[in-house]
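One structure below.
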Amino acid sequence: LNIIASSMLTVAVFSASTMVAAFSAVGSTATPRASQLLIEDSTIQNTLATFVGAFLYSVIALVGLNAQIYGGGGRLVLFGFTLLILLLVVIVLLRWLDYLSVLGRMGETVSRVETATTKAMAQRLKKSFMGGQKQTENARGEHPLRAPATGFVQHVSMDILQKCAQRADATIHLHVQPGDFVEPSMVIATSTRPLDKEASKAASDAVLIGKARTFDHDPRFGLLVMGEIAARALSPAVNDPGTAIVVLATAVRTLIYWVDEQRAHEKSLQQDDARQPEFDRVSAPNLREAGMLTDVFDPLARHGALAVDVGVTLQHALASLRRLNHTAFNPTLDQISRDAIARAEHAGLFAPDLACLREAALAERQARPG
C-alpha cells in the first residue's frame, strides 16, 4: 500500500502533464478544433481516474491500518482487494504506455476527426431532416421565433418542437441546423399558428446554442476541421504537403461513406413507403451537401496553389467523387476543379507544373463514365 500510495500520485501527475502536452501539440500542429476530441477521449479520462482512484484507495487503507480498524479477517480482505487494485493498475498502465505512442500524432488526429465526422453523418442519415418533415422551398410560417442567444447551433430537440406544435395545433418550420451561427435578431423557426409565451420559450430553448461548434450532429464541422488541418500543413511555416495529401484521401473516403450510406438509406425508405416522420409537425431543412465539399477542398485549393503534387492529388480526389455521379455534388466538384487551376495560374505556378495540373484535370474528366 505504501508503494501504491507513493507511486500512483506521481504517475497521475505525469499522465496529466502528458495529456496537457498532447492537447497543446494537437492545437499547434493540427488545429485547436481537433483538441476537443482528445478532451472527450474516454481512454484518457479512465486512465487518470484509475490512477487517482488507486492513490485514494491506498491512502484510505493505510489510515485504516494505522488506526487498527481492521482485524485479522479485515486485513485478509484488504490484502485481496489490494492485489486486485494492483492488477488493475498494471493493466491500465501497460495500456496507457501503448496509447502514449500515438497520442497527439498527426495521423491519429486525422483518424479521430474522420471517426467523429462519420459518426455525425450516421446520426444525420439515421433520421432524415432530423426526424421531421422534408422542408419545401420557401416554407415559412407567419409567426417567427428568434434566437435566444448568440453563438452556434449545437443541437435541436425536435421532440420539444413537436410538443409545442401539437399544443398550438400548428406546424413549425425550422430554419437552422447544427453548425449555423445565429444571433438574437435572426429567425430560427416560424410557426403557422401563434404560440403562447410558455410554448414560444420552450421552442426557442429547444435550439441549443453554444459558443463553438461541436462534432456531434454536425457532419460539416468535421470536414471543416480536415480543411483546417490541411491548410496548416500547407502553410510556409510547416510546409508538409504529405499531410495535406493524407487529408485529401481521408476526405474522399468520408464523402464516399456519406454518399453510399445516403443511397442505402433512400433505398430502404423506398421499400417502406408507409414510414412516417417521427416529428410530423416539424419541418427541417436538408443539409447543404455542396457546402461539405467547399469546407474541405477550398482550403486545399487555396493554400496548395503552388504545390503541384497537392494540386494533382486534388484533381484526382475531385474526379473520384465525380464518378459517384451524386447529383448534389457534381456542379460543385466541377467548379472546385476549375477554381483550383485558376488559383494555381494566378499564384504563378511554374508553367510545366501548371500544364501537368491541367492534364490531370482533363484526363480525369475524360475518364468519367458517360
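Computed from a prediction, not measured in an experiment: that's the story for all the values here.
- Other residues, nucleotides and ligands contribute only 12 or fewer heavy atoms inside 6.0 Å of the CD1 atom of I3.
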Exercise. Run the side-chain contact (heavy atoms from CB on, under 4.5 Å) check on V77 and Y70 step by step: do they pass?
Worked result: CA-CA 9 Å; V77 172; Y70 304 106; over 6 Å; no

Exercise. What's the verdict on side-chain contact (heavy atoms from CB on, under 4.5 Å) for M226 and V113, showing C-alpha distance, side-chain angles and the deciding distance?
Worked result: CA-CA 7 Å; M226 290 185 194; V113 174; 3.8 Å; yes

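- The main-chain N or O of K201 is never found under 3.5 Å from a side-chain atom of S204 such that the two would form a donor-acceptor pair.
- Within a 6.0 Å sphere centred on CD of Q68, heavy atoms belonging to other residues, nucleotides or ligands number 12 at most.
- Put simply, the side chain of T171 does not reach to within 4.5 Å of the side chain of S191, judged on heavy atoms.
- Within a 6.0 Å radius of CZ in R193, no more than 12 heavy atoms belonging to other residues, nucleotides or ligands are found.
- Residues L223 and V296 approach most closely at O-CB, 3.5 Å, considering heavy atoms.
- For the pair R95 and D98, the minimum side-chain heavy-atom distance is 4.5 Å or more.
- Environment of CZ in F81: sparse, with no more than 12 heavy atoms of neighbouring residues, nucleotides or ligands closer than 6.0 Å.
- A donor-acceptor pair under 3.5 Å is formed between the side chain of R146 and the backbone N or O of S185.
- A donor-acceptor pair is defined here as one N or O able to donate and one able to accept, closer than 3.5 Å; no such pair exists between the side chain of D353 and the backbone of L349.
- Residue W96 is grouped with residue V11 when hydrophobic side chains (ILVMFWY) are merged at heavy-atom distances under 4.5 angstrom, including chains of intermediate members.
- In R263, the CZ atom is crowded: over 12 heavy atoms of neighbouring residues, nucleotides or ligands sit closer than 6.0 Å.
- In summary, of the residues considered (V156, D180, V176), a side chain to side chain contact (heavy atoms under 4.5 Å, CB included) with I188 occurs for V176 alone.
- Between L248 and F297, the shortest heavy-atom distance links the atoms CD2-CE2, 3.6 Å.
- Here the CZ atom belonging to R140 is positioned 13.5 Å from the OG1 atom belonging to T192, to the nearest 0.5 angstrom.
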For this session: Test Q162 against M158 for side-chain contact (heavy atoms from CB on, under 4.5 Å), laying out the working first.
Result: CA-CA 6 Å; Q162 174 78 2; M158 297 290 285; over 6 Å; no

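- No side-chain heavy atom of F152 sits less than 4.5 Å from a side-chain heavy atom of I209.
- Under a cut-off of 6.0 angstrom, the local environment of CZ in R105 is sparse, with at most 12 non-hydrogen atoms contributed by other residues, nucleotides or ligands.
- Of the inter-residue distances, the one linking Q315 atom CD with C356 atom SG reads 10.5 Å to the nearest 0.5 angstrom.
- Shortest non-hydrogen contact noted between A231 and P299 is CB-CB, 4.2 Å.
- The cluster map of Ile, Leu, Val, Met, Phe, Trp and Tyr, joined by side-chain heavy atoms under 4.5 Å apart, puts V89 and L100 in the same cluster.
- Taking hydrophobic clusters as Ile, Leu, Val, Met, Phe, Trp and Tyr residues chained together by side-chain heavy-atom distances below 4.5 Å, F14 does not share a cluster with I91.
- Between F329 and W258 the shortest side-chain heavy-atom distance falls below 4.5 Å.
- Between the side chains of H173 and S283, at least one donor N or O sits under 3.5 Å from an acceptor N or O.
- Between D196 and R167 the shortest side-chain heavy-atom distance falls below 4.5 Å.
- Between the CZ atom of F23 and the OG atom of S28 there is a distance of 13.5 Å, given to the nearest 0.5 Å.
- A donor-acceptor pair is defined here as one N or O able to donate and one able to accept, closer than 3.5 Å; no such pair exists between the side chain of E345 and the backbone of L354.
- In summary, the side chains of Q177 and R124 do present a donor paired with an acceptor at a separation below 3.5 Å, with no hydrogens or angles considered.
- Hydrophobic cluster membership differs between L318 and I341, with clusters built from Ile, Leu, Val, Met, Phe, Trp and Tyr side chains linked at under 4.5 angstrom.
- With rounding to the nearest 0.5 angstrom, the CD1 atom of I172 is 5.0 Å from the CG atom of L161.
- The closest side-chain donor-acceptor pair between S337 and D334, if any, does not fall under 3.5 angstrom.
- Ion pairing of E114 with K119 is absent here, as no side-chain N (NZ or NE/NH1/NH2) approaches a carboxylate O to less than 4.0 Å.
- F221 is listed as a side-chain neighbour of R33, based on a closest heavy-atom distance under 4.5 Å.
- Looking only at distances, a side-chain donor or acceptor of S58 sits under 3.5 Å from a matching main-chain atom of A54.
- With rounding to the nearest 0.5 angstrom, the CG atom of L78 is 5.5 Å from the CG atom of L1.
- A donor-acceptor pair shorter than 3.5 Å can be found between the side chains of T190 and H175.
- Of all heavy-atom pairs between A202 and I160, the closest is O-CG2, 3.6 Å.
- Checked by atom type and distance alone, the side chain of E228 never pairs as donor or acceptor with a backbone atom of A30 at under 3.5 Å.
- Residues L300 and V310 form a side-chain contact, since some pair of their non-hydrogen atoms from C-beta on lies under 4.5 Å apart.
- If you take CE on M130 and CG on N286, they are separated by 9.5 Å, rounding to the nearest 0.5 Å.
- With Q123 contributing its side chain and H217 its backbone, the two residues share a donor-acceptor pair below 3.5 Å.
- In terms of heavy-atom proximity, T332 sits nearest to A290 at OG1-CB, 3.2 Å.
- Taking all atoms of both residues into account, the shortest heavy-atom contact from L234 to P241 is CD2-CA, 4.0 Å.
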Problem set entry | Residue pair R213, L224: steps toward the side-chain contact (heavy atoms from CB on, under 4.5 Å) verdict | CA-CA 11 Å; R213 295 175 70 172; L224 180 68; 3.7 Å; yes

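- A donor atom on one side chain and an acceptor atom on the other are not found under 3.5 Å apart for T117 and Y257.
- In this structure, H265 contributes its side chain and L125 its backbone to a donor-acceptor pair below 3.5 Å.
- A donor-acceptor contact shorter than 3.5 Å links the side chain of Q154 to the backbone of A212.
- Cluster membership check: L56 shares its hydrophobic cluster with L9, using side-chain heavy-atom separations under 4.5 Å among Ile, Leu, Val, Met, Phe, Trp and Tyr.
- Electrostatic pairing of K163 and D159 does not count as a salt bridge here, judged by no charged N lying under 4.0 Å from a carboxylate O.
- Put simply, the side chain of T313 gets close to the backbone of D309: a donor and an acceptor are under 3.5 Å apart.
- Here the side chains of E261 and M121 are not in contact, with every heavy-atom distance at 4.5 Å or above.
- No salt bridge links D339 with R302; every basic N to acidic carboxylate O contact stays at or beyond 4.0 Å.
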